[in-house]
Amino acid sequence: YTVTAIDTRREAVDYAIENGIIDKGYHAVEQDAVGTADAVIFALYPHVFKEWIRRYQHLFKSGAFLTDVTGVKAGVVYEIQAMLRPDVEFIAAHPMAGREVSGVENSDESIFRKANYIVTPTPANSEVAVEWCKNLGRILGFAHISVLTPEEHDDKIAFVSQLTHCISVALMTCNGDPLLADYTGDSFRDLTRIAKINDVMWSELFLLNKDALLKHMDAFLAEVNALRQMIEEGDVAGMRKKMQLSAARRAAFDHPGR
C-alpha cells in the first residue's frame, strides 16, 4: 500500500517519513494528497472533522471510501453522510486501541493486536463499503471485528470508554496528596493510566454522548453506593456476592481475542 498523510505538525510528517511509516506527507490540505487517495482515514476532533468535510470534500477522488476513528458516532456520522457528495462513501469505524499519549512519535504497530474494531454502518451505507471497512480492520491486525449501529456503539462506548475515563479523572482529583506516587501500587497505576487525558477532545466527546454517559454514570454511582452501604453495615455476604459477580464477568475478558 502507498500511504500518504496530512498533519499540521511539520515534525510529525518528518518523523513519519524518516521512520518509514508513510511514503509521503503534507503539512496542509492539497489536491495531490486528497485527490489521489482510494481510501481516507480521518483522525480529527468531531467538530473539526465536520468542518473539514464541508471545506474540502470537493477534492476527493470519485469512488473513494472514507472512514474514521472518532469516539462517538450518532452525533457525527449522520451529519457527515448528509452533506457528503453522492460519489464518495463514508463508513464509520472505531478502533478500540487508544493510548494516553498522542502523536505519531508515540505510535506502536502492535497496538491493534488482540484489540477490538467496531464498524458502524447506517442505512446510507452499501454492503461493499461495510465489507471494505471490516477488511481494513483485518488488514490492520485487529483480533475481533463487530458491527453496530451508531446508537448501539455510543451506548456501549459510554460505558466501556467514557465512563472509565470519568472514573480515572475522579480518582486523580479526589485526593490531592502530592506524594501518592511514592505509595501507590500497580492497581492504582492501572486504574489511572488514562487520567493523563486530552481535555479538549474528551470534553467534546462527553457532551456529544451526554445522555448515554449520564445513564451509565448513574448506574455506576448506584453500585458504588450499594457497596458503600455494605461496608458501613458490615455485610460480608453482600460484599462477597458483588465480588464474585465482578470476578465472573471480568473472566470473560481473558479469552483470546478479547
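Below, all heavy atoms of this structure are taken into account, side chains as well, without hydrogens, waters or symmetry copies.
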Self-check item: Test side chain to side chain contact (heavy atoms under 4.5 Å, CB included) applied to I157 and M96, step by step
Solution: CA-CA 9 Å; I157 292 316; M96 299 300 294; 3.5 Å; yes
Exercise. Could you pull out the closest heavy-atom pair between V104 and A16, with the gap in Å?
Key: CG2-CB, 4.2 Å
Self-check item: Nearest atoms (heavy-atom pairs only) where Q81 meets A124
Solution: OE1-CB, 3.6 Å
Self-check item: Criterion ring pair (Phe, Tyr, Trp, His ring centres under 6.0 Å) against F159, the qualifying member of H153, H165, H216
Solution: H216
Quiz item: Below 4.5 Å, heavy atoms only, C-beta onward: do I118 and F142 meet side chain to side chain?
Solution: no
Quiz prompt | Minimum side-chain heavy-atom gap I21-Y15 below 4.5 Å | solution = yes
Quiz item: Does any non-hydrogen side-chain atom of I145 lie less than 4.5 Å from one of R138?
Solution: yes
Exercise. Give a yes or no on whether the backbone of D199 and the side-chain of S203 come within a donor-acceptor separation of less than 3.5 Å.
Key: yes
Exercise. Inspect the surroundings of CD in E109 and state if more than 12 heavy atoms from other residues, nucleotides or ligands are less than 6.0 Å away.
Key: no
Practice problem: Could you pull out the closest heavy-atom pair between V119 and P121, with the gap in Å? | Solution: O-CD, 3.3 Å
Practice problem: Please check if any side-chain donor atom of D38 sits under 3.5 Å from a side-chain acceptor atom of Y1, or the reverse. | Solution: no
Self-check item: Straight-line distance of T70 OG1 to M201 CE, nearest 0.5 Å
Solution: 10.0 Å
Quiz prompt | Any donor-acceptor pair under 3.5 Å from T36 side chain to D32 backbone | solution = yes
Quiz item: When rounded to the nearest 0.5 angstrom, what distance separates CD1 in I194 from NZ in K196?
Solution: 11.5 Å
Self-check item: 4.5 Å side-chain heavy-atom contact, T192 and T184
Solution: no
Practice problem: State whether a side-chain donor-acceptor pair under 3.5 Å links D87 with S62. | Solution: yes
Quiz item: Do L136 and T67 come within less than 4.5 Å of each other through their side chains, counting heavy atoms only?
Solution: yes
Self-check item: I167 reachable from L207 in the ILVMFWY side-chain graph, under 4.5 Å edges
Solution: no
Quiz item: With distance as the sole test, does D23 use its side chain to make a donor-acceptor pair with the main-chain N or O of V3 at under 3.5 Å?
Solution: yes
Exercise. Output yes when K73 and D68 qualify as a salt bridge under the 4.0 Å nitrogen-oxygen rule, no when they do not.
Key: yes
Quiz item: Quick one: CD1 on I41 to CG on L140, what's the gap to the nearest 0.5 Å?
Solution: 6.5 Å
Self-check item: L221 CG to E223 CD distance, which is reported to the nearest 0.5 Å
Solution: 10.5 Å
Self-check item: side chain to side chain contact (heavy atoms under 4.5 Å, CB included) evaluation trace for E105 with E11
Solution: CA-CA 9 Å; E105 297 88 350; E11 60 270 25; 4.2 Å; yes
Quiz item: Any salt bridge between E79 and R54, counting N to O under 4.0 Å?
Solution: yes
Quiz item: CG/D108 to CZ/R99 distance, rounded to the nearest 0.5 angstrom?
Solution: 5.5 Å
Quiz item: Per the ring pair (Phe, Tyr, Trp, His ring centres under 6.0 Å) rule, which among W52, F65, F90, Y56 passes with F42?
Solution: W52
Quiz item: Do the non-hydrogen side-chain atoms of K215 and D155 ever get within less than 4.5 Å of each other?
Solution: yes
Quiz item: Between the main-chain N or O of N209 and the side-chain N or O of D154, is there a donor-acceptor pair closer than 3.5 Å?
Solution: no
Exercise. Kindly give the heavy-atom pair with the smallest separation between G25 and I17, and that separation in Å.
Key: N-CD1, 3.8 Å
Quiz item: Around atom CD of E233, are there more than 12 heavy atoms of other residues, nucleotides or ligands at under 6.0 Å?
Solution: yes
Quiz prompt | More than 12 heavy atoms from other groups under 6.0 Å of CD on Q229 | solution = no
Self-check item: Side chain to side chain, S161 and W202, heavy atoms closer than 4.5 Å
Solution: yes
Quiz item: Which pair of heavy atoms, one from A195 and one from M172, lies closest together, and at what distance?
Solution: CB-CG, 3.5 Å
Quiz prompt | side chain to side chain contact (heavy atoms under 4.5 Å, CB included) between V34 and F60, intermediate numbers included | solution = CA-CA 6 Å; V34 181; F60 291 131; 3.6 Å; yes
Quiz item: With hydrophobic residues grouped by side-chain heavy-atom distances under 4.5 Å, do I139 and Y117 end up in a single group?
Solution: no
Self-check item: Hydrophobic cluster identity match, V130 and V128, side-chain contacts under 4.5 Å
Solution: yes
Quiz item: Any donor-acceptor pair under 3.5 Å linking the side chain of R9 with the backbone of G103?
Solution: no
Practice problem: Please check if the side chain of E89 supplies one atom and the backbone of S126 the other of a donor-acceptor pair under 3.5 Å. | Solution: yes
Quiz item: In the single-linkage hydrophobic clustering (I, L, V, M, F, W, Y; side-chain heavy atoms under 4.5 Å), do L44 and Y78 co-cluster?
Solution: no
Quiz item: Hey, is CZ on R249 packed in by over 12 heavy atoms from elsewhere, all under 6.0 Å?
Solution: no
Quiz item: What heavy-atom pair brings C133 and A93 nearest, and what distance separates the two atoms?
Solution: SG-CB, 3.7 Å
Exercise. State plainly whether the residues E152 and K156 are in salt-bridge range, i.e. N to O under 4.0 Å.
Key: no
Quiz prompt | S146 and N116, any side-chain heavy atoms less than 4.5 Å apart | solution = no
Quiz item: Do V72 and V77 belong to the same hydrophobic cluster, where Ile, Leu, Val, Met, Phe, Trp and Tyr are linked whenever their side-chain heavy atoms lie under 4.5 Å apart, directly or via other members?
Solution: yes
Practice problem: Taking E204 for its side chain and H47 for its backbone only, find out whether a donor-acceptor pair lies under 3.5 Å. | Solution: yes
Quiz prompt | Distance in Å, Q57 CD paired with M83 CE, rounded so as to fall on 0.5 Å steps | solution = 7.5 Å
Quiz item: Is there a donor-acceptor pair under 3.5 Å between the side chain of S168 and the backbone N or O of L191?
Solution: yes
